[in-house]
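Not measured: the values here are computed from a predicted model.
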Amino acid sequence: PPMVGGIDLVGKVLETKSSSLKVGDSVVVNGWGIGTDHYGGYAGEARLKSEWAIPLPSSLSPQCAAKIGTAGYTAMLCVQALEENGVKPADGKVLVTGATGGVGSVSILLLSQLGYQVTAV
């Protein structure tokens, strides 16, 4: 059968043998070859490894998580890497390339909210 696309998914656990998840938990998944090597988020249901599932924080609705998607998650990882490597807003401007794309535009939003000056290209 053809592959079902969708590189992110958010939903509720329907069945599990995992001790870290229970039926009814809201989860988000991205990466792990979802939509390329494994049926993706456009499928009505997906069977995945439990370690791929990230519990959805109660403060984040499934709809918001779906809107953020891989672009938002990747942008957050980029900003987190800057901070973990000691880059601070007072250090000067941060250059964001690909600023009109998903990752770039979310990165600009996150950096600006954290007080960084952003140069967008």
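- Between Val10 and Leu56, the closest side-chain pair of non-hydrogen atoms falls below 4.5 Å.
- Ile54 and Val13 fall into different hydrophobic clusters, where Ile, Leu, Val, Met, Phe, Trp and Tyr are joined by side-chain heavy atoms under 4.5 Å apart, directly or via other members.
- Put simply, the side chain of Val103 does not reach to within 4.5 Å of the side chain of Val96, judged on heavy atoms.
- Of all heavy-atom pairs between Gly72 and Val106, the closest is CA-CG1, 3.9 Å.
- Among Pro57, Cys64, Ser59, Ser58, the single residue meeting the side-chain contact (heavy atoms from CB on, under 4.5 Å) criterion with Ser61 is Cys64.
- Not a single salt bridge (charged side-chain N to carboxylate O under 4.0 Å, His left out) links Asp91 to another residue, sequence neighbours left out.
- Taken to the nearest 0.5 Å, the NE2 atom of His38 stands 14.0 Å off from the CD1 atom of Ile7.
- Between the CH2 atom of Trp52 and the CG atom of Leu9 there is a distance of 10.0 Å, given to the nearest 0.5 Å.
- Lys12 pairs by the side chain to side chain donor-acceptor pair (under 3.5 Å) definition with Ser26, not counting sequence neighbours.
- Asn85 CG to Gln80 CD: the interatomic distance, rounded to the nearest 0.5 Å, is 10.5 Å.
- Inter-residue side-chain proximity for Val29 and Leu48 is flagged as met; some heavy-atom pair is nearer than 4.5 Å.
- By the salt bridge (charged side-chain N to carboxylate O under 4.0 Å, His left out) test, Lys22 is found to be paired with Asp25, residues two or more places apart in sequence or in another chain being considered.
- Atom CZ of residue Arg47 and atom OH of residue Tyr39 lie 12.5 Å apart, to the nearest 0.5 angstrom.
- Within 6.0 Å of the CD atom in Glu51, the count of heavy atoms belonging to other residues, nucleotides or ligands exceeds 12.
- Distance CD/Gln63 to CD1/Ile68: 11.5 Å, rounded to 0.5 Å.
- Within the structure, side chain to side chain donor-acceptor pair (under 3.5 Å) pairs that include any residue of residues 64-75 comprise Asp8-Thr70 (at least two apart or interchain).
- Between atom CG of residue Leu77 and atom OG of residue Ser107 there is a gap of 10.0 Å, rounded to the nearest 0.5 Å.
- In this structure Thr97 satisfies the side chain to side chain donor-acceptor pair (under 3.5 Å) test with no other residue, sequence neighbours excluded.
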Which donor-acceptor pairs under 3.5 Å do side chains of residues 112-121 form with protein atoms, sequence neighbours excluded?
unit_1	atom_1	unit_2	atom_2	d
Ser112	OG	Ile108	O	2.8
Tyr116	OH	Val87	O	2.8

